Protein chains: 2
Amino acid sequence: MQIHLDPRSAEPIFEQIAYAVKSALATGAAAEGDRLPSVRELARELAINPNTVVRAYEALEREGVVVRRQGAGCFLTGRGSELAAAGRRRQLQELLRRAATEAFHLGFSADDVRRALDQSLERLDFDRQRKATP
Amino acid sequence: MQIHLDPRSAEPIFEQIAYAVKSALATGAAAEGDRLPSVRELARELAINPNTVVRAYEALEREGVVVRRQGAGCFLTGRGSELAAAGRRRQLQELLRRAATEAFHLGFSADDVRRALDQSLERLDFDRQRKATP
DNA sequence: TCGACTGTATTAGTATAACTAATACAGTCT
DNA sequence: AGACTGTATTAGTTATACTAATACAGTCGA
């Protein structure tokens with residue numbers, strides 16, 4: 001699993017790491033049971049502080065994406081969000097509402113946006129998706 | 001045009017304002033030529049500092065959404081992003097890639113996501129959309 | 001022409017968040 | 001038992017967001 005940071009991004013480093021992990025899981029580049037690079041190893045690779053990696057792994061654990069075992073490592077659960085269905089639906093709505101608004105601002109048509117979404121969805125490994133807790 | 005702040009959002013206030021303006025434009029709640037609330041008026045309404053509103057309007061101006069006229073006010077151009085086509089396409093790809101990844105994490109199917117996007121797109125006023133600079 | 005608005009600019013300050021550095025402890029695995 | 005792993009804590013720096021105050025310059029309508 002490759003994790004890169006975008007130095008030009010305004011997004012906090014720990015959030016970029018967390019997103020990269022979710023992206024690897026979603027695209028099939030990583031799977032349930034995989035062990036993430038250790039805190040120190042990833043910190044060295046990215047030339048950042050280990051505490052920053054810890055923050056990313058903490059966030060992922062809070063969202064149910066990973067489980068950390070002291071002394072053993074940090075593992076992908078393969079599980080999705082543990083939020084209730086209503087909360088997840090609300091997050092999805094908000095997510096796509098923002099994306100649609102931003103796409104409108106960028107000057108794209110509704111069909112442009114649908115096509116772009118299809119391309120993004122094709123990259124994802126829905127066959128191996130673990131559904132969220134009902 | 002209604003602008004509300006979400007106190008629970010981690011998003012900076014000035015970005016919430018900028019997004020609200022883009023959203024009003026996209027949904028037809030506001031149109032080219034409309035004047036935004038003045039810096040002081042919006043600051044009073046939202047109980048924030050006028051400089052924070054200035055920051056939002058500056059960001060919108062940089063993106064081509066508004067034009068500010070000293071003494072006269074701040075007006076919606078109705079124009080979209082002024083980025084080159086390649087830049088806009090890249091932003092769209094990135095936008096939807098992130099949305100798709102997050103939706104996957106939330107446990108939704110590809111069809112769930114398409115439907116949710118359709119709902120969001122239906123809210124937008126594509127008939128009145130001003131295309132971005134070619 | 002003047003008053004009440006508008007945007008613009010600047011300086012100074014506070015609070016918070018992100019990240020860093022260092023150190024040490026406890027668990028795991030080979 | 002050694003080399004790894006995660007976990008915790010304290011302390012510090014930097015950057016960002018927001019605030020407060022003040023003053024200047026432009027617009028518009030009466």
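Here the structure is a predicted model, which is why all the values come from computation and not from measurement. First the proteins, then the strands, lettered A, B, ... as listed; each starts at 1. Values reported hereafter were calculated over all heavy atoms of this structure, with side chains retained and with hydrogens, waters and symmetry mates removed.
Whole-Å rounding puts the B/Y57 OH to C/dA9 C1' distance at 18 Å. Between B/I48 atom CD1 and D/dA20 atom P the separation is 11 Å, expressed in whole Å. Residue A/L36 contributes atom CG, which lies 12 Å from atom P of D/dT5 at whole-angstrom precision. For B/L42 and C/dT6, the CG to P distance is 11 Å, given to the nearest whole Å. Taking atom CZ of residue A/F14 and atom C1' of nucleotide C/dT20, one finds them 15 Å apart after rounding to whole Å. The separation between B/F75 atom CZ and C/dT6 atom P is 11 Å, rounded to whole Å. In this structure, CG of A/L46 is placed 14 Å from C1' of C/dC19, rounded to the nearest angstrom. Computed from coordinates, the B/R55 CZ to C/dG7 P distance equals 18 Å when rounded to whole Å.
Put simply, the side chain of A/R88 gets close to the backbone of A/L83: a donor and an acceptor are under 3.5 Å apart. Although no hydrogens or angles enter the test, the distance criterion places a donor-acceptor pair under 3.5 Å between the side chain of A/T77 and the main chain of A/G64. Panel note: side chain A/R130, backbone A/G78; no donor-acceptor pair is recorded below 3.5 Å.
Residues A/Y19 and A/V21 do not share a hydrophobic cluster, defined by chaining ILVMFWY side chains whose heavy atoms lie under 4.5 Å apart. Both B/L121 and B/L96 sit in one connected hydrophobic cluster of ILVMFWY residues. Membership requires side-chain heavy atoms under 4.5 Å apart, directly or through other members. Residues A/F104 and B/V113 fall within the same hydrophobic cluster, defined by Ile, Leu, Val, Met, Phe, Trp and Tyr side chains chained together at heavy-atom separations under 4.5 Å. The cluster map of Ile, Leu, Val, Met, Phe, Trp and Tyr, joined by side-chain heavy atoms under 4.5 Å apart, puts B/I17 and B/V65 in the same cluster.
For the helix from C/dT1-D/dA30 to C/dT30-D/dA1, the terminal axes (five pairs an end, C1' atoms, rotation from four pairs onto the next four) enclose an angle of 40°, given to 10 degrees.
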Query - Contact letters for nucleotides 22-30 of chain D, in which S counts primed atoms plus P, OP1 and OP2 and B counts the base, heavy atoms under 4.0 Å - result: -B-BBS---
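Here A/E32 contributes atom CD and A/D34 contributes atom CG; the two are 9.5 Å apart, rounded to the nearest 0.5 Å.
Comparing D/dT5, C/dT6, D/dG6 by their nearest atom to the side chain of A/E41 picks out D/dT5. Taking every side-chain heavy atom of A/P12 into account, C/dA18 is the closest of C/dA18, C/dT20, D/dG6.
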Query raised in the report: Do B/D111 and B/R114 pass the salt bridge (charged side-chain N to carboxylate O under 4.0 Å, His left out) test, and can you show the C-alpha distance, the side-chain angles, and the key distance before you say yes or no?
Result: CA-CA 5 Å; B/D111 281 341; B/R114 288 186 186 102; 2.9 Å; yes
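For the pair A/I13 and B/R35, nearest-nucleotide mapping onto DNA chain C gives the more 5' position to B/R35.
Side-chain nitrogen and oxygen atoms of B/T52 include at least one within less than 4.0 Å of the OP1 or OP2 phosphate oxygen of D/dT19.
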